[in-house]
Amino acid sequence: MQLVVARVGRAHGIKGEVTVEVRTDEPELRLGPGAVLATEPASAGPLTIETGRVHSGRLLLRFAGVSDRTGAEALRNTLLIAEVDPQDMPEDPDEYYDHQLMDLDVVLADGTGIGRITEITHLPSQDLFIVERPDGTEVMIPFVEEIVTEIDLEEQKAVIDPPPGLIDNNAVVAGATDGEAEGSADSDGDGAVAGGPGGAAKGDPS
């Protein structure tokens with residue numbers, strides 16, 4: 001399975017280094033020297049990481065064969081993609097990879113359906129679930145223990161206890177005949193998110 005682990009930013013200096021926007025909680029594993037990464041666009045890679053260091057809070061990488069600023073600038077906005085074993089799991093049992101969480105049904109404690117997770121956004125302060133509701137609109141749900149009270153991978157659902165105003169009344173759509181939530185998702189998600197129930201959200205296992 002392939003997962004995006006970083007996006008190349010600006011060139012740094014004149015010796016081929018680039019800044020990267022990290023999209024994994026395991027940069028030392030996925031973005032260490034010697035790692036070979038596929039790219040999007042594919043024509044930019046594969047790229048082999050030659051060196052890595054942190055400068056002013058930003059990760060700087062240099063790739064094999066890229067030795068000057070011109071070559072580094074040519075890689076700007078390239079996505080770096082790692083090959084990941086889909087069976088990999090975070091060491092902490094309260095952490096999840098993004099691929100585990102994608103497409104989970106989002107429900108209230110009483111089983112009322114809210115929607116399904118279609119995207120996970122990793123922000124500096126917290127992680128967010130982007131949830132598509134049955135009417136096609138979206139709602140953002142912070143992945144914090146106070147709101148996301150349970151992740152049940154066997155049942156393929158995330159149980160939430162939203163504060164007033166997070167989800168308006170139109171977000172709750174019950175089944176017309178049996179009271180079950182409409183629009184439940186088929187779940188085969190793969191993700192890593194940290195910061196949820198009992199733990200923190202992990203980024204992609206890549």
Side-chain angles (χ1 to χ4, degrees), residues 1-92 94-103 117-131 138 140-144 148 189-196 199-206:
M1 178 176 64
Q2 291 189 323
L3 292 174
V4 174
V5 293
R7 182 181 66 86
V8 177
R10 299 177 180 178
H12 178 84
I14 61 173
K15 296 183 178 180
E17 284 186 313
V18 296
T19 63
V20 294
E21 173 192 314
V22 176
R23 297 188 181 180
T24 171
D25 283 348
E26 300 174 311
E28 69 286 347
L29 173 65
R30 308 301 178 185
L31 298 170
V36 180
L37 302 170
T39 60
E40 177 61 43
S43 58
L47 295 172
T48 300
I49 297 175
E50 195 168 78
T51 64
R53 64 188 179 98
V54 176
H55 175 75
S56 298
R58 297 295 301 273
L59 179 62
L60 303 180
L61 298 180
R62 181 184 291 115
F63 302 106
V66 180
S67 58
D68 58 25
R69 189 176 184 88
T70 300
E73 280 290 353
L75 294 173
R76 190 167 183 177
N77 293 323
T78 295
L79 297 179
L80 304 178
I81 302 168
E83 189 69 35
V84 178
D85 184 342
Q87 302 305 313
D88 279 355
M89 297 285 289
E91 292 184 4
D92 189 327
D94 291 320
E95 294 182 340
Y96 303 90
Y97 286 134
D98 288 0
H99 70 273
Q100 296 174 284
L101 301 171
M102 288 291 292
D103 280 337
I117 299 171
T118 58
E119 185 179 344
I120 297 161
T121 300
H122 300 283
L123 302 177
S125 58
Q126 64 185 8
D127 297 300
L128 294 174
F129 290 161
I130 309 302
V131 176
E138 293 182 336
M140 293 186 292
I141 298 177
F143 188 27
V144 295
V148 182
D190 63 351
V193 175
K202 287 193 72 70
D204 292 332
S206 34

**Item:** Arg10 atom CZ, over 12 foreign heavy atoms within 6.0 Å
**Value:** no
**Message:** So Val22 and Val5, do their side chains get closer than 4.5 Å, heavy atoms only?
**Reply:** no
**Request:** Only counting residues at least two apart or in another chain, list the ones meeting side chain to side chain donor-acceptor pair (under 3.5 Å) with Asn77.
**Result:** Arg7
**Asked** Sub-3.5 Å donor-acceptor pair from the side chain of Thr121 to the main-chain atoms of Leu128, do we have one?
**Response** no
**Request:** Begin with the C-alpha distance, continue with both residues' side-chain angles, and end with the deciding distance and a verdict on side-chain contact (heavy atoms from CB on, under 4.5 Å) for Thr78 and Glu40.
**Result:** CA-CA 6 Å; Thr78 295; Glu40 177 61 43; over 6 Å; no
**Prompt:** So Val66 and Leu75, side-chain contact (heavy atoms from CB on, under 4.5 Å) or not? Walk me through it.
**Reply:** CA-CA 9 Å; Val66 180; Leu75 294 173; 4.1 Å; yes
**Prompt:** Can you tell me how far CG of Leu37 sits from OG1 of Thr48, rounded to the nearest 0.5 angstrom?
**Reply:** 8.0 Å
**Message:** The criterion is salt bridge (charged side-chain N to carboxylate O under 4.0 Å, His left out); which residues satisfy it with Glu50, sequence neighbours excluded?
**Reply:** none
**Asked** Listed by chain and number, what are the side chain to side chain contact (heavy atoms under 4.5 Å, CB included) partners of Thr70, not counting sequence neighbours?
**Response** Asp68
**Request:** Would you check if Leu101 and Ile120 make a side-chain contact, meaning some heavy-atom pair closer than 4.5 Å?
**Result:** yes
**Note, Ile49 side chain near Leu31 side chain (heavy atom, < 4.5 Å)** = yes
**Request:** With sequence neighbours excluded, tell me which residues meet side chain to side chain donor-acceptor pair (under 3.5 Å) with Arg69.
**Result:** none
**Request:** Give, for atom CD1 of Ile141 and atom CD1 of Ile117, the distance between the pair rounded to the nearest 0.5 Å.
**Result:** 7.5 Å
For a quick test of your reading: what N or O donor-acceptor pairs under 3.5 Å do the side chains of residues 51-61 make, sequence neighbours left out?
unit_1: Thr51; atom_1: OG1; unit_2: Arg62; atom_2: NH1; d: 3.2
unit_1: Arg53; atom_1: NE; unit_2: Glu17; atom_2: OE2; d: 2.8
unit_1: Arg53; atom_1: NH2; unit_2: Glu17; atom_2: OE1; d: 2.9

**Prompt:** Between Gly16 and Ala72, what is the shortest heavy-atom contact and its length?
**Reply:** O-CB, 3.7 Å
**Asked** With sequence neighbours left out, what residues match Thr118 under side chain to side chain donor-acceptor pair (under 3.5 Å)?
**Response** none
**Message:** Measuring from atom CD of Glu83 to atom CZ of Arg30, what distance do you get when rounded to the nearest 0.5 angstrom?
**Reply:** 10.5 Å
**CG-CZ distance between Leu80 and Phe63, expressed to the nearest 0.5 angstrom** = 4.5 Å
